[in-house]
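One structure is given below, encoded as structure tokens.
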Amino acid sequence: MSFLQDLNPAQQEAVTATEGPVMIIAGAGSGKTRALTYRVAHLISLGVRPFEILALTFTNKAANEMKSRIIDLVGKESQDVWMGTFHSVLARVLRVEAEKIGFGRNFTIYDTDDSLSAVKGIMSSLGLSQQQFSPHGIRNRISLAKNHLMNPREYGSAAADLFEEKAALVYDQYERALRTNNAMDFDDLLIRPLELFNQSPKTLEKYQHRFKYILVDEYQDTNRAQYVLIRKLGDYHQNLCVVGDDAQSIYAFRGADIRNILDFENDYPDCRIFRLEQNYRSTKTILGAADQIIKNNRDQIKKNLWTDNPQGEQITSLETEDEKDEGYQIALAILHESSRLKLDLKDFAILYRTNAQSRSLEDALRRNGIPYTIVGGIEFYKRKEIKDVLAYLKVIVNPKDNESLLRIINYPYRGIGETTVKKIRTSAEQGHETIFEALLRVDSLAGVNERTKKHITEFSLLIKKYLELKVNMSASELARTLVDDLGILGDLKKDGTPEALSRWENIQELLSAITEFLRESSDAPLSSFLEEVSLISDIDTWERDRNAVTLMTLHSAKGLEFPVVFISGLEEGLFPLYPSDIEHAELEEERRLFYVGVTRTMQKLFLSYVRSRIRYGDVTFPVRSRFVDEIPQELISIVRTGARRRERTQLQSEEERRGYGTSVNRRKKERLPSLEVDFHQGNSETHDGFEGATESGISLKVGCTVEHEMFGRGRVLGISGMGDSAKAIVQFETAGRKHLMLKYANLRVV
DNA sequence: ATTAGGCGATTTTTT
DNA sequence: ATCGCCTAAT
């Protein structure tokens, strides 16, 4: 086939070895995704029917991208390939088969929050003190137990201390609760299919026969449950192809088992192993550094990554004063490098270990007028108002879903208080029925006064009404009617505070999202929208093409590449991140994470660390990360900034005004020479041609479009004042006309 | 029923 | 340092 010519010999071999178990060890940047994509395309061109192929990826985004590339190669019919994350593909299977294991096909998917509140509910009905036993910790134990395929009984008998004993107790109840709620958590999406296959060998056989070819991406990050699933599903045809790189295993913390890749040869003695060792992504410098870094890890598969690419530039290490200086230096470097290397802003990525680090970086970018997108952080679908509306929809799809029902029973306020809820819960528990069923029998509730009973009846009538409506109404129509009915939008608008306004917008956005979803996948039921929402991840919503610097965690960056990469916060304790003492295995995982970060780089890598950083509200003076020193000296040069001439940025003075900062901070700041002039000169250079540059570091002129955190987008109608007292009049698209103090408004030029 | 105050988590990374 | 949740007090 002609398209195979796009591949190098090693890739071709890996792609054409279609039969039998195959493991592809693919180094960073060696065209792993390409190999997978072409393998699927190749299979189809050989006459394999698309729906006989199962391809499991790590993110939905990866799946979608791969799919569209396959369609380009072999045509449209290939959209029938079963491709997606483990979770989404298995959810799809469960939607069909759930009844065989005692669930309804309309089961709800619980996210971590939902499952946490279920745990809390159970703890309080068991009378377990939430102070003595953290619900969070209990939930984690349960999740871990599930990932190791231990049921409550097994977990209970292996319990090593009081905490685990209690956790086992909760675990048992939790499983029952999920079953009565007709709900599954993330772990269940992997485990329930196993239960299904054990209970119904025929069903297993069906899928075993259907999936003639199975491909698994990022195999190094699969956990025990995923491993068992793959083994089972592939058992009949044995055409299993796993692709991975042990050096990039970074999810052990959530149960990923690196042994899955290390032991593949033992599991499949007749397997063939291919190695992709030519790197197409990075310069020799980058690759050399990465190689030296990973050599410090003991456990790994030997491989020899090489490249034909040029030597490239040295790595630059930035030692900066503190996190603000760090952000500033990175911003400067971006401006400098983008003009020097003729790059777009979308060619830059700033990576960090923890989400908390993004704030100072964002501030610096904003101050310098550099557009950015951030992956992760506060997710849209996790916001309260969104979760509230979604909870209504979930109940309408699955009235057994107690968690969602409890969430909305008194929202908006309808006079059903905590005490009443408690009574309802007890009544439901005693009658072995769901809460919704208990609500319908409101008359038999003891100790509830008539007025409250009336409120309850009104509520259950409301739900009943929508249960009927959903039969004939389109999902988007239903959602709109519901929101209207509840009067949420009106309430928020009346409230008038910026927070309420932003919530109002969010709900509107949710409604549009539902409409949009239904238009794309015609006549899909509401439940499939809810499923999509539950399984969406941060990286899935990232717009690659937007011309802006990308900020994200190192974990999110896996699988991506950028011409210029900054890895920030390279300090002992932060990266590698460790609590007090770090175990060897954990340190190795941190190092692999660093390796992943370094190998995202195509041309030029910057590493940064600070001399002082505020963490947990305290000033700390960290030590440079050992990882920096693992890079050979000839590949790296160190630049120190801010030692004498620390810039006083606007943010600091803002913080002072608001009275933030420890006394240590304040004293320190007072001693600092004010070098605002320097800073602002440097700053204004980047804004040539703009009018009304203000001290807050934002440059506005009349007529430009800006974005406000609360009010959304708007047009600048006028600017007045200087420095701290600078004001702008902005006409917002949704929020009307506002007079804003630039110093506080945090306007972003769009 | 509402509010103030306190306490713990957050600051690991995600489906 | 800040947030959000929980509890206790009014």
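Only a predicted model underlies this, so the values are computations on that prediction, with no experimental measurement involved. Each chain gets a letter, A, B and so on, in the order its sequence line appears, and its residues count up from 1.
- In the set B:dT13, B:dT11, C:dC5, the nucleotide with an atom closest to the side chain of A:Tyr616 is B:dT11.
- When distances are taken from the side chain of A:Thr354 to each of B:dT12, C:dC6, B:dT14, the shortest belongs to B:dT12.
- Side chain of A:His87, nearest nucleotide from B:dT15, C:dC6, B:dT12: B:dT15.
- Salt bridge status for A:Arg141 with A:Glu164: present, with a side-chain N to carboxylate O gap under 4.0 Å.
- Between A:His148 and A:Tyr155, the distance separating the two ring centers is not shorter than 6.0 angstrom.
- Where A:His136 and A:Thr553 meet DNA chain B, the nucleotide closest to each residue was compared, and A:His136 sits on the side nearer the 5' end.
- In this model, the phosphate group of B:dT15 is not approached by any side-chain N or O of A:Asn60 to a distance below 4.0 Å at OP1 or OP2.
- In this structure, A:Asn410 places its CG atom 9 Å from P of B:dT2, rounding to the nearest Å.
- Atom-to-atom, CE of A:Met552 to C1' of B:dT12 comes out at 17 Å; the value is rounded to the nearest Å.
- In this structure, A:Arg591 atom CZ and B:dT13 atom C1' are separated by 18 Å, rounded to whole Å.
- For A:Ile138 and B:dA9, the CD1 to P distance is 13 Å, given to the nearest whole Å.
- One interatomic measurement links the two molecules: CD of A:Gln357 to P of B:dT10, which rounds to 17 Å at whole-angstrom precision.
- The nearest whole Å value for the distance from the CD atom in A:Glu571 to the C1' atom in B:dT11 is 13 Å.
- Checking B:dT11, B:dT15, B:dA1 against the side-chain heavy atoms of A:Tyr413 singles out B:dA1 as nearest.
- Across B:dT15, B:dT10, B:dT11, the shortest atom-to-atom separation from the side chain of A:Ala356 is found for B:dT11.
- Interface remark: the A:Arg615 side chain does not form any donor-acceptor pair with the B:dT11 base, using a distance-only criterion of under 3.5 Å.
- Using a 4.0 Å cut-off between charged nitrogen and carboxylate oxygen, A:Arg179 and A:Glu195 count as a salt-bridge pair.
- Taking atom CD1 on A:Ile250 and atom P on B:dT13, their separation rounds to 12 Å, with Å as the unit.
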Practice task
Kindly indicate, with the supporting measurements, whether the criterion side-chain hydrogen bond (donor to acceptor under 3.5 Å, both in side chains) is fulfilled by A:Glu571 and A:Ser625.
Solution key: CA-CA 4 Å; A:Glu571 297 134 34; A:Ser625 170; over 6 Å; no

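- Side-chain to base pairing of A:Arg254 with B:dT13: no donor and acceptor N or O lie closer than 3.5 Å to each other.
- As judged by a 4.0 angstrom heavy-atom cut-off over every strand, A:Lys120 is placed among residues touching the sugar-phosphate backbone only.
- Both tests do not hold together for A:Arg224 against A:Tyr227: distance to the six-membered ring centre under 6.0 Å, angle to the ring axis within 45°.
- In this entry the distance linking NZ of A:Lys558 with P of B:dT13 reads 16 Å, nearest Å.
- Set against B:dT13, B:dT14, B:dT15, the side chain of A:Ser556 has B:dT14 as its closest nucleotide.
- For the pair A:Ser534 and A:Thr419, both in contact range of DNA chain B, the more 5′-proximal nearest nucleotide belongs to A:Thr419.
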